[in-house]
Each structure stands twice: as C-alpha cells, then as structure tokens.
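Starting from 1, each residue takes its place in the sequence as its number.
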Amino acid sequence: MPTELAPGRPAVPHDSRARWTLAAACFGFLMVGLDATIVNVALPTLGRQLGAGLAQLQWVVDGYTLMFAALQLIGGSLSDRLGARRAFVVGLSVFVLASLGCGVAVSPEMLIAARFVQGIGAALQLPSSLAMIRHAYPDAERRTKALGLWAAAGGGAVAAGPVLGGVLLIALGWRSLFLVNLVIGLGGLLTAAMAAAAPGGGAAGKRRLDLPGQVAVMLSLAGLTFGLIEGGTAGWTRPPVVAAVAVAVVCGAFFVWWERRVPDPMLPMGLFSRPAFSSASVAGFVLNFAYYGIVFLLSLFLQNERGDSALTTGLVFLPMSVATTLSNVVGGRLSGRFGTRLPMVGGQFVFALGLLGLLLAGPGAPDWVIWLVTIPVGLGCGVAVPALTAAVLEVVEPAHAGVASAELNTARQMGGAVGVALFGTLIAGAFVPGLRLSLLIAAFALLASALVTAYWGREPRR
C-alpha cells in the first residue's frame, strides 16, 4: 500500500519507509531500555553525592518504571487515536527533556521527579513504536523479523545499561548517564521524520479516553509500589503502608469492574480471552520482575558488599549484555519459524537456570564465575521477549495494536517495578540472605510462568 506523503516531499519507496520506521522505533526502545538499567551502577555514587537513602535509591529506579507502567495503557490509546508516529515524536521529546532534567538534578527529590517525567515520555512512545512497526510491516513473517531487531535494540540496551553506565560514570560522572539520551533522542527524532505515518483515527479515534480507568490503574500501581518500597524500610504495619496496599487492591478491583462495563474501555477485557495474549502478559511480567530486580541487587552487591568499582561492576554484566542482544535477533527468527510458544517457554526455563547458577555460585564467587552463570540469564530473556511481543501483535486487530502493545509493556514494566521494590525490601535487613531469597523467588517465578505458558499458551485446535 502506498504511504501518504506530505506536499512537496519526494516519494520514498515503501520498503525504505519501513526501514526508517524500524530505525526510529529501535532508537526509541534503545533509549527506554537503557534508562531502565543504566542508573543501577551509579546508585552507590548517587547515595554518596546526593545523600540518598535506600528507599530514595529504589524510587530513582522505580519512579521511572512506575510511570512507565501506569501510563502505557493511555499511551497506547493515544497512539491508536492520534497516529503512531505523531504520538511517538511527542513521547520521545518529553523523554529527552526529562533526561536533561535528570542530568542537572541537585537533590534526590529533583532526580526522582525528573525520572517520573521520563516514565511519562516512555509510556507514550513505546507502544507507539510497536504500533508503527505493526503498520509498516503488514506481513507477519517480515514483522516478526523486524520485531527481533526492535527487541535486540531495547533488550540489548537493558542488558548493556550497567556496562555503559560504568564506563560513563568513571569517565564523565553520573550526570552523563542521563545526558547521553540527548544524542540518542536526536537520532530517534531524525529517523522518525522519514518513517511511515501510521494512520490514526478511524474506529480507534472515535473511542473516548477512559479517564476513570486510567486513574484507577495509576492509583493501583502507585499504591502497590509505594507499599512494597516503604514497607521494607518503615515497617509493614505503618498506616501509610497499609493504606497504600488497600488503595492498590481496591483500585485494581475497580479497574477490572469498570473496564468490563464501560462502552469504550481503555483495555478491552476480551483480549484476555485469547490464550496467546494472556500467557504473553504473564511471561512479560515475570521476565522483567526477575531481570530488573536481579540487576538492581547485583549492582549494589558488587559495589557495596564486595567493593568492586562501578567500571568492574559494569564489565561483570558484559557477557550477559552480549548474550541478550544476540539472542533477541535469534529469538525473532525462532518465533517466525516455530511459532511463539516454544521460545517463550524455553527462554524462561534457561533464564531460571541462570539464576539458580548464581545462587549455587554464592557471594564469594570470583567475577569470571558470575560472568558464566549470567550468560543463560541473557540468553533466556533475549529469546523470550521477541516471542511474547510477536504473540501479542499477531492476535490483535491493527486498530488495537497500540493498546495491546501498551498492556504487554505495562505488565513488563510493572514486573520490573515490583521486582526492584520487593527485592530491595528483602535486603533491607541482611543483604546476602536477602539476595539468596530473591534469586530463589525469581527462579521459581520463571519456572512457574514457563509452565503457564506451555499449557495456557497453546493455540486452540482448528
């Protein structure tokens, strides 16, 4: 299908526009993924230079992922309503400006606030990037391969965040970890100008924005995150913690009730009747729960408990980073050839084996042992992510591509936020026992999710 061009713009072949679209989406996902983990190696430095405590350091990580998770559903709705490319550019611009705010922060509170705004930008641009790919690659086989490259950009960035963070921290200081986004964001905006303009409006554009649903999901996720973080430091019986958990439960229940009854739901509950969609959402939550939580813990462990430098800490993550990036590309090809269920199940199983290997290695293991046992973590996660993304996009109509992408990434980011909050709580008393328990919880969560995916994710018989 020809792409509508602006007046005076020279015609560009559709394949070329599809490539520019993929490049823009990759720039966006790279920046979003990088900021999920690049800050981890700088946490001890932030604690010293900004005077941040453990709870504030958790909020530096989780403030970003919380807003990312809480606003993605409305971000997906806006993508479907306004057009994916337009929403992508707005979200990317907000992210870049917020990164500048992080880079000039002079207090923990200012940094946390800027991280919240980063999450808002990410929530708008990530579902838009997936919707752009969905429109630019209507053929399922080509789309699956494109999603493998997209996942490699984001997954590789997530994995490489600690490595790049360690290098930048030593060479240029902690502010450079955020200011690097100005360069990446510029690349994303330039390539987006050449991307295919995915249509907005239509049936999606006629749907009303579901503000009660958005408020409910924001309060539910915020209450859960606050309760987990503050409960570990202030105590689980403190009134603010109890109130936050109660708000999370009540608002979560109201959200499900409301979405089943409102004429234009932000998240159509009928999507969950599709096994591939539901199992991918569960797997996405568990993958990020394990990955983000363990990267957070290992960064603190290597520096605070073992005395490693930020650069050494980053290099410890290098083999895992390479494994994640390479397996993202392989995972996309496996999904295109064998379907999505096998890579999802196998990836989670391999990931769990890597975490159990870390547990058996023990806190006194040399760095090279940690290198080896984290490789399966990267391989498993890298293979699974393109598969679960493809599974979601293949079972929804193009008009719902944005909101379906948003739901998946909401599940993933909330998994990451819960992982950081829960594991941070477990190490608040004694670090090493908390680390061991966290590894065990993450491994068994992955194994349970793999079983759910194997059974629940089966395609219906024809």
Side-chain angles (χ1 to χ4, degrees), residues 62-81 87 116 119-120 122-124 126-128 130-131 204 206-231 240-286 288-289 388 392 395-397 399-422 449 452 456:
D62 265 0
Y64 171 69
T65 53
L66 173 62
M67 296 305 293
F68 195 180
L71 293 175
Q72 276 205 60
L73 289 173
I74 198 168
S77 296
L78 288 172
S79 171
D80 292 335
R81 187 184 185 91
F116 269 72
I120 295 173
L124 183 56
L126 187 64
S128 302
L130 274 172
K206 296 176 182 177
R207 296 196 301 266
R208 296 180 180 179
L209 290 178
D210 182 11
L211 293 181
Q214 180 60 64
V215 171
V217 77
M218 284 183 63
L219 290 176
S220 180
L221 299 181
L224 178 61
T225 305
F226 180 89
L228 288 172
I229 290 178
E230 299 298 327
V241 174
V242 175
V245 175
V247 166
V249 173
V250 171
C251 290
F254 172 80
F255 175 75
V256 175
W257 177 85
W258 176 260
E259 295 302 294
R260 290 182 179 277
R261 285 160 179 79
V262 68
D264 296 313
M266 179 175 61
L267 177 60
M269 289 291 142
L271 293 176
F272 291 99
S273 65
R274 305 171 188 184
F277 184 89
S278 298
S279 60
S281 299
V282 172
F285 179 94
V286 173
N288 276 34
F289 168 81
L388 62 91
V392 165
V395 297
V396 299
E397 303 78 10
H400 286 111
V403 72
S405 306
E407 188 283 330
L408 172 62
N409 286 296
T410 296
R412 292 185 62 196
Q413 295 308 315
M414 200 56 216
V418 170
V420 170
L422 176 61
S449 177
V452 169
W456 198 12

K.L.:
Restricting to side-chain contact (heavy atoms from CB on, under 4.5 Å), what partner residues turn up for Leu224, sequence neighbours left out?
P.N.:
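Leu224: side-chain contact (heavy atoms from CB on, under 4.5 Å) contacts with Leu228, Ala248, Met414, Val418.
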
K.L.:
Tell me, please, which residues at least two apart from Ala216 pass side-chain contact (heavy atoms from CB on, under 4.5 Å).
P.N.:
Phe254, Phe255

K.L.:
Considering residues at least two apart in sequence or located in another chain, which fulfil the ring pair (Phe, Tyr, Trp, His ring centres under 6.0 Å) criterion with Phe277?
P.N.:
Phe272

K.L.:
On a heavy-atom basis, which atom in Pro240 and which in Phe226 lie closest, and how many Å separate them?
P.N.:
O-CE2, 3.9 Å

K.L.:
Restricting to side-chain contact (heavy atoms from CB on, under 4.5 Å), what partner residues turn up for Leu71, sequence neighbours left out?
P.N.:
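For Leu71, the residues satisfying side-chain contact (heavy atoms from CB on, under 4.5 Å) (neighbours in sequence not counted) are Met67, Ile74, Ile120, Ala123, Gln214, Met218.
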
K.L.:
Can you list everything that forms a side-chain contact (heavy atoms from CB on, under 4.5 Å) with Ala122? Sequence neighbours excluded, please.
P.N.:
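side-chain contact (heavy atoms from CB on, under 4.5 Å) list for Ala122, sorted by chain: Val32, Tyr64, Phe68, Phe95.
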
K.L.:
State, to 0.1 Å, how close Asn288 and Arg412 come at their nearest heavy-atom pair, and which atoms those are.
P.N.:
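Residues Asn288 and Arg412, closest heavy atoms: CB-O, 2.8 Å.
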
